[in-house]
Amino acid sequence: MSGRRVGFCLSDKKRRRMNLDAFAEFCEGHGVEVVEIDLTQPLVPQGPFDIIVHKLSDVIVEAEHNSQSQQLLANFQSYVSTHPSTILLDPLPAMTQLLDRFASYRIMSKLHNSLRDWRICSPPYLEIHSAADLSSIQQTVTAQNLSFPLICKTRVAHGSLSHEMSLIFSAGSLADVRPPCVLQSFVNHGAVLHKVFVVGDRHYCVERPSLKNFPSGPCDRETIFFNSHQLDEEMPCLPPPSFEAVAALVRELRAQLGMALFGVDIIINIHTHTLTVIDINIFPGYEGVPQFFSSLLSHIKSVLDKHSSAGPQATGSV
């Protein structure tokens, strides 16, 4: 690995959460140079890069309505296309689809068939595209076997607003939804969320507090609005998910997504004990993950070694 140059393209918030300075120092001790990429400057003089690790979520989302972000993204894509030997971790199209919960939930809904033997599933969900859908939403909820309470999440799975959610308890309260969004049947899970952090072929499971249990079925309770980052329920002692089942889930998602750095939010249905996938996250924070630095550097090394052994015709991959 000596002499390798790894470019990092992250937002200020992401670089702080990851502690990129400390990671760069860690890499330096292993003969690897970490270069912070400045998208506002020409990329060619900043290179060359053997591999680029990035989280361009801010730029991708803003590019839909901001010409400056469109140009930054275009410049980055142009550099990548003209430097095919530079590996991108992870591919832009794969990351982009996870910014859209409509797309990621379609992936999640297929897990029931591919992982049936592991009793892994995802709750029924409904896409709400616009306010025009609201008139028929009650009938659609019933027709697609969604059950109250329903959890409502924004379509865009990035930024502070993506953590603003609501819990809807009756058909009358469906007027509280703000399209575009997804409705997902709420599953009682003992107030414990299992966050699975994936780094290449390794994964780590960390418990976090979650929503308490609620009676199934509609009721006259008012809609609850909450932020998923600010839950502090007391977590009961429940058995963790099977390591083998989580490993099977990670393998399946890596193949489906074509990605190496992502997170999966799973819960355990307290009634059926089914492992239930409720969200997929791009390049998460990895808080609570032991040896994250060594795991990431190890994956970078394995990708570069595989790339080198495949010869100059190899294309960037995870």
Side-chain angles (χ1 to χ4, degrees), residues 1-63 66-96 98-99 158-160 197-200 202 259-263 281-289 291-308 315-318:
M1 284 288 286
S2 182
R4 299 288 199 176
R5 297 183 89 241
V6 181
F8 271 81
C9 196
L10 309 173
S11 67
D12 288 341
K13 179 181 178 182
K14 181 63 180 178
R15 74 174 302 283
R16 288 193 303 269
R17 288 187 68 187
M18 182 186 160
N19 198 351
L20 185 58
D21 290 340
F23 181 70
E25 190 175 322
F26 175 80
C27 289
E28 186 180 1
H30 291 79
V32 177
E33 180 185 4
V34 168
V35 180
E36 290 192 60
I37 296 174
D38 183 349
L39 278 186
T40 66
Q41 301 298 320
L43 270 68
V44 172
Q46 298 179 62
F49 308 105
D50 294 292
I51 188 168
I52 295 177
V53 182
H54 68 97
K55 186 174 184 180
L56 293 176
S57 308
D58 289 336
V59 180
I60 294 170
V61 170
E62 291 168 5
N66 181 287
S67 59
Q68 184 179 7
S69 295
Q70 288 172 7
Q71 190 60 55
L72 293 178
L73 187 59
N75 292 344
F76 183 81
Q77 291 174 313
S78 174
Y79 179 86
V80 171
S81 64
T82 55
H83 295 77
S85 62
T86 299
I87 303 166
L88 206 56
L89 195 65
D90 280 311
L92 275 174
M95 293 187 72
T96 301
L98 289 190
L99 291 173
H158 174 71
S160 57
F197 296 107
V198 180
V199 188
R202 303 181 189 183
M259 292 175 63
L261 302 174
F262 62 94
N281 311 299
I282 299 169
F283 200 162
Y286 293 96
E287 290 93 348
V289 174
Q291 295 91 42
F292 170 60
F293 284 180
S294 59
S295 296
L296 179 56
L297 182 57
S298 176
H299 178 66
I300 290 171
K301 180 182 184 301
S302 70
V303 170
L304 290 175
D305 287 348
K306 179 181 176 183
H307 187 70
S308 297
T315 56
S317 65
V318 298

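All figures in this text were calculated on a predicted structure; none of them were measured in a lab. Quick note: residue numbers are just sequence positions, from 1.
Side chain of Asn75 to backbone of Pro42: no donor-acceptor contact under 3.5 angstrom is found. The backbone N or O of His299 sits less than 3.5 Å from a side-chain atom of Ser302, completing a donor-acceptor pair. Formation of a donor-acceptor pair under 3.5 Å by the Asn66 side chain with backbone atoms of Ser69 is found in this model. The backbone N or O of Val198 lies less than 3.5 Å from a partner atom in the side chain of Tyr286, making a donor-acceptor pair. Side-chain N or O atoms of Asp50 include none that pairs as donor or acceptor with a backbone N or O of Val6 at under 3.5 Å. Distance alone, capped at 3.5 Å, is enough to place a donor-acceptor pair between the Ser308 side chain and the Leu304 backbone. Not a single donor-acceptor pair under 3.5 Å links the side chain of Glu36 to the backbone N or O of Phe8. Proximity of a side-chain donor or acceptor of His54 to a complementary backbone N or O of Leu10 within less than 3.5 Å is not detected.
Atom CD of Glu28 has 12 or fewer neighbouring heavy atoms from other residues, nucleotides or ligands inside a 6.0 Å radius. Within 6.0 Å of CD on Gln77 lie more than 12 heavy atoms contributed by other residues, nucleotides or ligands. Residue Glu25 qualifies as open at atom CD: its count of foreign heavy atoms under 6.0 Å is 12 or below.
Considering only heavy atoms from C-beta on, Phe26 stays 4.5 Å or farther from Val34 through its side chain. Val80 has its side chain out of reach of Thr86: every pair of non-hydrogen atoms, C-beta onward, lies at least 4.5 Å apart. Side-chain contact check for Lys55 versus Ile282: some heavy-atom pair is nearer than 4.5 Å. Contact of the Phe76 side chain with the Val59 side chain is not registered, since no non-hydrogen atoms from C-beta on lie closer than 4.5 Å. Contact annotation: the side chain of Leu43 never approaches that of His83 to less than 4.5 Å [non-hydrogen atoms, C-beta and beyond].
Here the shortest heavy-atom pairing between Gly285 and Arg17 reads CA-NH2, 3.8 Å. Shown here for Ser81 and Ser78, the closest heavy-atom pair between the two residues is OG-O, 2.9 Å. Residue Tyr79 comes nearest to Gly47 through the heavy atom pair OH-CA, 4.1 Å, listed as atom of the first residue, atom of the second, then distance.
You'll find the ring centres of Phe292 and Phe197 outside the 6.0 Å limit.
Screening Asp90, Leu261, Leu88 against Met95 for a side-chain contact (heavy atoms from CB on, under 4.5 Å) leaves a single residue, Asp90.
Atom CD in Gln68 sits 8.5 Å away from atom OG1 in Thr40 (nearest 0.5 Å). The distance from atom CD of Gln291 to atom CG of Leu297, rounded to the nearest 0.5 Å, is 13.0 Å. Phe293 contributes atom CZ, which lies 6.0 Å from atom CE of Met18 (distance to the nearest 0.5 angstrom).
Residues passing the side-chain contact (heavy atoms from CB on, under 4.5 Å) test with Ser11 are Lys13, Lys14, Asp58, sequence neighbours excluded.
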